[in-house]
Engineer: 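Sending over a structure as structure tokens; questions will come in a sec.
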Amino acid sequence: MNKDYLNLIFSGFLFILFTLAIIEALTFSKLAQFFPLYISIAGSALTLIYLITEVYKLYKQKVKEGEQIKIPLLTPLRYIGWILGYLVLIYIGGLMLATAIFLILFLILESRMNVIHTGISVIAVLIGISLLSSALDIYWPTNLLGL
């Protein structure tokens, strides 16, 4: 399967997802539907525009059969593993601890960032999360460790 066709399939999936989110947001009360409804409308509109432009480009390009590129489908599984690992860490140790561990491991192992820049990045993100949590009065649910 060609990379362009996979892009179209994924974009179509996103359009359907945003459209279903619009339908779901309409069932909320008037005050609760404002943010999800308008974000879903914007996402659906932008995804539809992107989908139409990609179909037009693909039509104009007239992809040749001999030029198809094989896509390694196992490569994205590594990043899906990172995301699932982050979710498991949040479940076990809480958001702050999981974010610190995830960022340290991801920035050093995947992006090959040095230790000093990794430390600065982790501290900046944790301070940002703390400030936003206190400013917005966000309650983080408890986790298995009770942190």
Engineer: Tell me, yes or no, whether the heavy-atom count around Ile116 atom CD1, taken from other residues, nucleotides or ligands under 6.0 Å, exceeds 12.
Structural biologist: no
Engineer: At their closest point, which heavy atom of Ile90 faces which heavy atom of Ala98, and how far apart are they?
Structural biologist: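 Here Ile90 and Ala98 meet closest at N-CB, 3.4 Å.
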Engineer: Does CZ in Phe28 sit with more than 12 non-hydrogen atoms of other residues, nucleotides or ligands closer than 6.0 Å?
Structural biologist: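 More than 12 within 6.0 Å, yes.
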Engineer: Roughly how far apart are Asn7 CG and Leu51 CG, rounded to 0.5 Å?
Structural biologist: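 One gets 8.5 Å once the value is rounded to the nearest 0.5 Å.
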Engineer: How close do Leu89 and Ile101 get, counting heavy atoms only, and between which atoms?
Structural biologist: CD1-CG2, 3.8 Å
Engineer: Parallel, tilted or perpendicular for Phe106 and Trp82, by the 30°/60° rule?
Structural biologist: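 Rings of Phe106 and Trp82: perpendicular, over 60°.
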Engineer: Return the set of residues passing ring-ring contact (aromatic ring centres under 6.0 Å, His included) with Phe15 (not counting sequence neighbours), or none when no residue passes.
Structural biologist: none
Engineer: So if you build clusters from Ile, Leu, Val, Met, Phe, Trp, Tyr with side-chain heavy-atom gaps below 4.5 Å, do Phe13 and Leu20 land together?
Structural biologist: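 No, Phe13 and Leu20 fall in different hydrophobic clusters.
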Engineer: What distance separates Asp137 CG from Leu132 CG, expressed to the nearest 0.5 Å?
Structural biologist: 12.5 Å
Engineer: Side-chain heavy atoms nearer than 4.5 Å, only ILVMFWY residues, links allowed to pass through others: does that put Ile108 and Tyr86 together?
Structural biologist: yes
Engineer: Are Leu48 and Leu14 connected in a single hydrophobic cluster, I mean Ile/Leu/Val/Met/Phe/Trp/Tyr linked by side-chain heavy atoms less than 4.5 Å apart?
Structural biologist: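 Different hydrophobic clusters.
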Engineer: Rounded to the nearest 0.5 Å, how far apart are CG of Leu17 and CZ of Phe10?
Structural biologist: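 These two atoms lie 9.0 Å from each other.
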Engineer: Taking C-beta and beyond as the side chain, do Glu24 and Pro36 meet within less than 4.5 Å on heavy atoms?
Structural biologist: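 Side-chain contact under 4.5 Å: no.
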Engineer: State the CD1-OG1 distance between Ile123 and Thr118, to the nearest 0.5 angstrom.
Structural biologist: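 The distance works out to 11.0 Å.
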Engineer: Rounded to the nearest 0.5 Å, what separates atom CD1 in Ile92 from atom CG in Leu97?
Structural biologist: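 It is 10.0 Å, given to the nearest 0.5 Å.
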Engineer: Listed by chain and number, what are the ring-ring contact (aromatic ring centres under 6.0 Å, His included) partners of Tyr91, not counting sequence neighbours?
Structural biologist: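 For Tyr91, no residue satisfies ring-ring contact (aromatic ring centres under 6.0 Å, His included) once neighbours in sequence are set aside.
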Engineer: When rounded to the nearest 0.5 angstrom, what is the spacing between CG in Leu87 and CZ in Phe102?
Structural biologist: 9.5 Å
Engineer: So, using ring-ring contact (aromatic ring centres under 6.0 Å, His included) as the criterion, who are the partners of Tyr50 when residues are at least two apart?
Structural biologist: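 In terms of ring-ring contact (aromatic ring centres under 6.0 Å, His included), with neighbours along the sequence ignored, Tyr50 is linked to no residue.
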Engineer: Is there a continuous path of hydrophobic side-chain contacts, each under 4.5 Å between heavy atoms, that joins Ile129 to Leu136?
Structural biologist: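 In one cluster with Ile129: Leu136, yes.
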Engineer: Run the numbers on Met113 and Ser121 for side-chain contact (heavy atoms from CB on, under 4.5 Å), then give the verdict.
Structural biologist: CA-CA 10 Å; Met113 193 179 280; Ser121 299; 4.0 Å; yes
Engineer: Any link between Leu126 and Leu131 through a network of hydrophobic side chains (Ile, Leu, Val, Met, Phe, Trp, Tyr) touching at under 4.5 Å?
Structural biologist: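 In one cluster with Leu126: Leu131, no.
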Engineer: Just by modelled atom types, is the Ser40 backbone N or O under 3.5 Å from a matching donor or acceptor in the Ser44 side chain?
Structural biologist: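 The answer is no, because no donor-acceptor pair under 3.5 Å joins these two groups.
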